[in-house]
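Whatever order the structure lists them in is the order used to number ligands and atoms, beginning at 1. None of the values given here were measured: they were computed from a predicted structure.
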Amino acid sequence: MDNFFTHYRCTQCGKEFEPTGLHYLCDVCSRDYKPGMPLLGVLEAIFNYPAIREAWLQQPDIRLFSAVNPQFYPPIPVGDTPLFMAPRLAESIGLPQLWIKNDALNPSGSYKDRASQIVVADAVQKGVEEIVAASTGNAASSLACIAASVGKKAVIFAPESAPPAKLIQIQVHGAKLNKVKGTYDDAFKAALDYSATHECICRNTGYHPLTVDGKKSAGLEIFLQSGKVPDWIVIPVGDGVILTGIHKAFMDLMHSGITDKLPRLLAVQADSSDAITSYWETGTYNDAAKPATIADSISVKTPALAHWAVQAITESSGKAIRVSDAEIQQAQLDLAQLAGVFAEPSSSATLAGLKKAVKMGLIPASAGMTSDNAIILLITGHGLKDTASVRSFD
Ligand SMILES: *Cc1c(COP(=O)(O)O)cnc(C)c1O
Ligand SMILES: [Zn+2]
């Protein structure tokens with residue numbers, strides 16, 4: 001298969017970088033970057049869009065938009081997750097229609113496998129043997145899983161408070177686990193320090209530009225599976241990389257002249273981990289004061305991709321909303337009992353957010369009326385990864 005990736009471009013100053021090297025942040029814009037602030041000078045993968053259009057007209061294939069040639073992909077299949085209707089769930093919140101894209105069905109049980117697939121493929125192509133990552137749990141268990149399939153070494157920095165099942169996944173797959181006494185934000189810095197002194201690729205989310213690009217594939221799948229651009233996609237947001245990746249999928253499709261419409265994105269955050277929501281509301285960035293939520297995968301004080309994510313919400317005419325842990329736990333049961341989907345708390349947050357957005361009139365109840373204005377809930381992680389956070393049944 002031909003590869004249409006042409007170069008990286010800085011999302012802030014536009015400086016271009018050749019596609020073959022290992023690049024993280026723009027050297028000019030990241031001069032003032034220090035761990036503990038949102039990333040500066042994040043790079044975007046740019047493609048030869050007219051050539052993609054030609055190839056797509058011959059044979060639509062999401063791999064045309066891949067920055068790494070699929071010949072380097074790990075052998076374990078990632079993505080191609082089901083998109084299906086959830087009529088009982090739709091009725092329960094007064095919507096005529098509701099769709100679920102279930103990414104909990106990826107190899108390690110989370111959406112993170114999409115980014116890991118591309119970063120591991122990048123390591124295979126470059127002949128680099130070691131990949132390091134910071135994680136709240138899922139990025140790490142994902143990297144451990146995908147790296148194992150090609151025999152690459154995964155080095156993980158994760159908070160010791162991560163859900164036990166996620167820490168076990170990391171170890172079962174043979175990765176080196178460094179438990180960090182502290183938060184995810186501390187782990188992020190530890191992984192950056194490690195990669196500065198070791199020959200490796202750093203998979204930190206948002207920092208390695210292919211994490212955004214890898215995370216776009218679900219957006220491309222949604223377009224191919226439904227044959228159109230949905231009205232709304234509801235996305236749980238921690239660092240903002242999934243949201244930005246989904247947005248980039250539709251931007252890439254637009255640049256290729258394959259669509260002329262963007263889906264509106266509803267970003268859902270936990271009450272105490274709401275830096276991107278506040279930034280979108282006020283136009284000013286501030287860290288989340290003190291993240292403390294059962295939704296560990298979206299518990300982030302300083303979202304890595306805050307700037308690009310807020311731009312993506314705005315560009316898509318989207319919105320951002322907060323939900324409480326109690327709302328998340330109720331939504332988790334609703335998803336399980338009305339749709340048959342057991343999602344971890346962070347992805348149950350999507351349903352909680354949608355419910356609230358409909359109730360508040362942010363999304364009209366007439367949305368989702370026809371298949372042309374479908375609403376899609378993105379389910380990002382499997383409920384079995386964190387059973388301790390399920391509401392008590394006593
Ligand atoms: C990582 C993760 C998220 C949030 O993704 P970001 O790119 O950090 O915004 C949501 N749900 C699950 C299950 C995750 O693992
Ligand atoms: Zn720059």
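Heavy-atom proximity to V241, at under 4.0 Å, picks out these atoms of ligand 1: 6 (P), 7 (O), 9 (O). Remark: ligand 1 atoms within the under-4.0 Å shell around heavy atoms of S346 are 11 (N), 12 (C), 13 (C). Of all atoms in ligand 1, listed by their number and element, those nearer than 4.0 Å to a heavy atom of N138 are 13 (C), 14 (C), 15 (O). Here is the list of ligand 1 atoms found below 4.0 Å of a heavy atom in G381: 13 (C). Close approach of ligand 1 to V237 is summarised as follows: ligand atoms under 4.0 Å from at least one heavy atom of the residue are 9 (O). Taking a cut-off of under 4.0 Å to the non-hydrogen atoms of G238, the atoms of ligand 1 that pass are 4 (C), 6 (P), 8 (O), 9 (O). Near T380, with a cut-off below 4.0 Å to any heavy atom, the atoms of ligand 1 are 10 (C), 11 (N), 12 (C), 13 (C).
Within the 4.0 Å heavy-atom cutoff, L243 does not count among the residues contacting ligand 1. Between T205 and ligand 1 there is no heavy-atom distance shorter than 4.0 Å. At least one heavy atom of K215 sits less than 4.0 Å from an atom of ligand 1.
Classification of R322 and E327 as a salt-bridged pair fails, no side-chain N sitting under 4.0 Å from a carboxylate O.
Distance from atom 8 (O) of ligand 1 to its nearest protein heavy atom, with residue and atom name: D239 N, 2.8 Å. Looking at atom 5 (O) of ligand 1, its nearest protein heavy atom turns out to be I242 CD1, 3.3 Å. For atom 1 (C) of ligand 1, the closest non-hydrogen atom on the protein side is K112 NZ, 1.3 Å.
The Zn ion (ligand 2) forms the vertex of an angle spanning SG of C13 and SG of C10; to the nearest 10 degrees it equals 110°.
L22 and Y207 fall within a single hydrophobic cluster, where Ile, Leu, Val, Met, Phe, Trp and Tyr are joined by side-chain heavy atoms under 4.5 Å apart, directly or via other members. Note on I168 and L143: separate hydrophobic clusters, where clusters join Ile, Leu, Val, Met, Phe, Trp and Tyr whose side-chain heavy atoms are under 4.5 Å apart, directly or indirectly. Hydrophobic clustering (ILVMFWY, side-chain heavy atoms < 4.5 Å, transitive): F250 and I46 are in one cluster.
Annotation: cation-pi geometry not satisfied between R63 and F65 (NZ/CZ under 6.0 angstrom from ring centroid, within 45° of ring axis).
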Would you be so kind as to tabulate the donor-acceptor pairs closer than 3.5 Å made by side chains of residues 292-308, with sequence neighbours excluded?
from, atom 1, to, atom 2, distance (Å)
T293, OG1, A295, N, 2.9
T293, OG1, D325, OD1, 2.7
D296, OD1, K166, NZ, 3.4
D296, OD2, K166, NZ, 2.9
S297, OG, N138, ND2, 3.3
S297, OG, K166, NZ, 3.0
S297, OG, E344, OE1, 2.7
T302, OG1, D287, OD1, 3.2
H307, ND1, Y279, OH, 2.7

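For E18, the CD atom is densely surrounded, since the number of other residues' heavy atoms within 6.0 Å is greater than 12.
Residues K101 and T81 have side chains that bring a donor and an acceptor to within less than 3.5 angstrom of each other. Side chains of S195 and Y24: a donor-acceptor N/O pair is absent below 3.5 angstrom, by distance only. Side-chain contact, E130 with Y194: a donor N or O sits under 3.5 Å from an acceptor N or O.
Polar contact with ligand 1: absent for I298 (N/O pair, distance under 3.5 Å).
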